[in-house]
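Below: the structure, in structure tokens.
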Amino acid sequence: MITRMPTESPALGDDLALLGLLQLVSPALPIGAFAWSQGLESAFELGWVSDEASLGEWLAGVLDDGLAHCDLPALAGLYTAWEHGDAEAIAEWDVWLAANRETAELAAEDSRLGASLARLLGSLERLPDSGMLPPDAGYVTLFAWTARMRGVTQRQALLGFAWAWLENQLAVACKALPLGHTAAQRLVERLRPALVVAVDLALELDDDELGPALPGLAMASALHETQYSRLFRS
Amino acid sequence: MTAISQALPTAHDSGHRFDTERRWAASLALGFERRDGVTRMVQARHQGPLRVQRPFFPEGREGACHVYLLHPPGGLVSGDALNISARLATGSHALLTTPAANKLYKADSQGVAWQQHTRLSVDDGASLEWLPQETIAFDGSRGAQHTEIALHGAARCLGWEVLALGRPASQLPYVSGRIDQRFRLTRDGKPLWLERQPLDPLHPRFHGRWGQGGASVQATLWAAGLGDADATAAIDVLREALPDNNRWAVTLRHGVLLLRYLGCERNEAWALCQQAWELLRPRLLGCQAHTPRIWLT
């Protein structure tokens with residue numbers, strides 16, 4: 001009896017691709033994503049987010065005005081750029097995303113997670129060819145590379161990214177608010193369809209509609225720099 | 001060639017119309033150069049109702065060249081298209097401000113937007129201060145305010161935009177319309193700071209805490225050209241000196257210091273910006289703040 005092992009470099013969207021996506025978005029991925037709250041911890045401190053209802057509003061708002069207009073379209077652009085081996089477009093998206101980060105901590109989150117993911121990929125011998133990766137590449141740039149390399153489709157890469165964001169934000173809330181685990185699951189139930197809407201929107205927007213519109217989050221994130229007691233790095 | 005080209009309207013063919021094509025263009029292009037240690041305004045080309053007063057040197061001949069930008073209509077209505085540009089050559093130093101608040105009037109019955117586009121280009125070793133008085137958006141105003149700052153080499157720039165929505169004194173809040181405020185700052189062509197602020201009172205973000213949080217006044221102050229260590233020290237000074245409240249915050253990202261205000265008081269926003277400017281100016285430009293007299297009148 002011959003057992004055929006599926007090989008890496010899977011066909012787009014096959015079983016291995018799905019598993020590759022689950023691996024990439026897992027909280028167990030050792031890049032330290034759990035340490036960053038994207039301004040949410042500060043929003044708790046300021047009293048702007050205080051319970052399940054206000055957290056739901058905050059997350060729905062950030063998903064629409066942040067992810068759908070910024071991270072997700074950049075991820076889509078980066079995915080396409082990796083697909084075509086277009087180093088110039090990869091560098092342009094990487095710089096664009098960095099320039100859109102509103103505060104020191106949001107910028108640091110991007111670059112630290114990017115560096116961690118690059119280190120991990122290096123030790124798995126899964127880094128792209130040298131010369132393709134911009135210097136100090138951000139997290140989204142490396143996420144796009146990994147998803148593409150694993151055979152994840154563009155759309156599912158975006159869904160996975162949005163899912164990882166939601167799960168991480170809820171983990172922050174469970175630790176720091178604190179939010180009950182059942183309440184967190186209620187929010188997942190409510191926001192899961194919104195993730196799909198955000199991905200649809202991200203894939204449709206024109207270039208001149210891109211960029212986050214999160215002045216409150218930016219304020220919270222900058223105030224977090226001087227927050228007296230904090231669990232998270234952003 | 002028999003086809004008639006359908007070019008976009010320019011300042012030459014703008015004029016009063018009362019349909020959706022309404023457009024009234026005005027432009028101002030300023031150029032500064034440093035000659036014999038003195039910054040001179042070597043260009044002031046204008047079209048339509050945008051002017052400058054004669055530059056003056058309240059800080060001494062070798063100090064910053066102060067220029068007031070004048071827009072005699074005092075505000076923007078539907079179809080207005082203002083293009084302001086300033087180019088500072090190597091080593092020059094200019095401070096640009098305005099004599100009064102800029103008003104954004106309610107859109108006409110066609111809902112035609114206005115636009116104001118500012119392009120600031122600063123060469124290596126030059127310093128620009130862009131310190132316009134605040135903009136007041138009347139209810140129903142629709143338009144786009146874009147500010148582009150292109151820095152080259154070791155150029156320095158300190159600037160702000162203060163925007164008040166509605167007229168609280170007259171109990172006329174901003175409850176309809178849409179303003180699209182954008183910033184783009186590059187150094188040697190590389191984007192360092194991109195920002196987009198769509199202000200739409202009917203959108204959830206207008207009152208949502210992740211967004212405007214109901215704030216009717218916002219200010220954004222930027223300073224580019226400080227080294228990271230100096231910028232970090234400057235941030236410590238700002239946090240120490242400026243009023244301790246949650247309506248403003250300062251941060252440093254990619255070499256650009258950003259101070260943001262979200263609140264409801266024009267005077268509070270203005271005082272904050274002015275105080276921050278007084279503290280930042282010596283650090284960034286090596287000279288003490290010299291308050292433009294026009295702000296006091």
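All of these numbers come straight from a predicted model, not from anything done at the bench. To find a chain, count down the sequence lines: A is the first, B the second, and so on, and within it residues start at 1.
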Under 3.5 Å, is there a donor-acceptor pair linking the side chains of [X] and [Y]?
X        : Y        : answer
A/Glu92  : A/Trp96  : no
B/Gln116 : B/Trp114 : no
B/His146 : B/Gln115 : no
A/Glu83  : A/Gln154 : no
B/Gln145 : B/Glu161 : yes

Does any heavy atom of chain B fall under 4.5 Å from the side chain of [X], the backbone, both, or neither of them?
X        : answer
A/Ser221 : neither
A/Asn100 : both
A/Glu45  : neither
A/Glu102 : both
A/Ala213 : both

Side chain, backbone, both or neither: which part of [X] has a heavy atom under 4.5 Å from chain A?
X        : result
B/Gln197 : side chain
B/Leu252 : backbone
B/Pro191 : both
B/Arg239 : side chain

query = Just by modelled atom types, is the A/Ser37 backbone N or O under 3.5 Å from a matching donor or acceptor in the A/Ser234 side chain?
reply = yes

For chain B, which candidate among [options] shows the most heavy-atom pairs at distances under 4.5 Å?
options                     : value
A/Thr103, A/Asp64, A/Leu214 : A/Thr103
A/Leu217, A/Val49, A/Leu106 : A/Leu217
A/Ala43, A/Ala60, A/Pro212  : A/Pro212

message = Could you measure the distance from the CG atom of B/Leu280 to the SG atom of B/Cys273? Nearest 0.5 Å is fine.
response = 10.5 Å

task = Decide salt bridge (charged side-chain N to carboxylate O under 4.0 Å, His left out) for A/Arg155 and A/Asp200; before the verdict, give the C-alpha distance in whole Å, the side-chain angles of both, and the deciding distance to 0.1 Å.
result = CA-CA 9 Å; A/Arg155 190 179 169 77; A/Asp200 284 336; 2.9 Å; yes

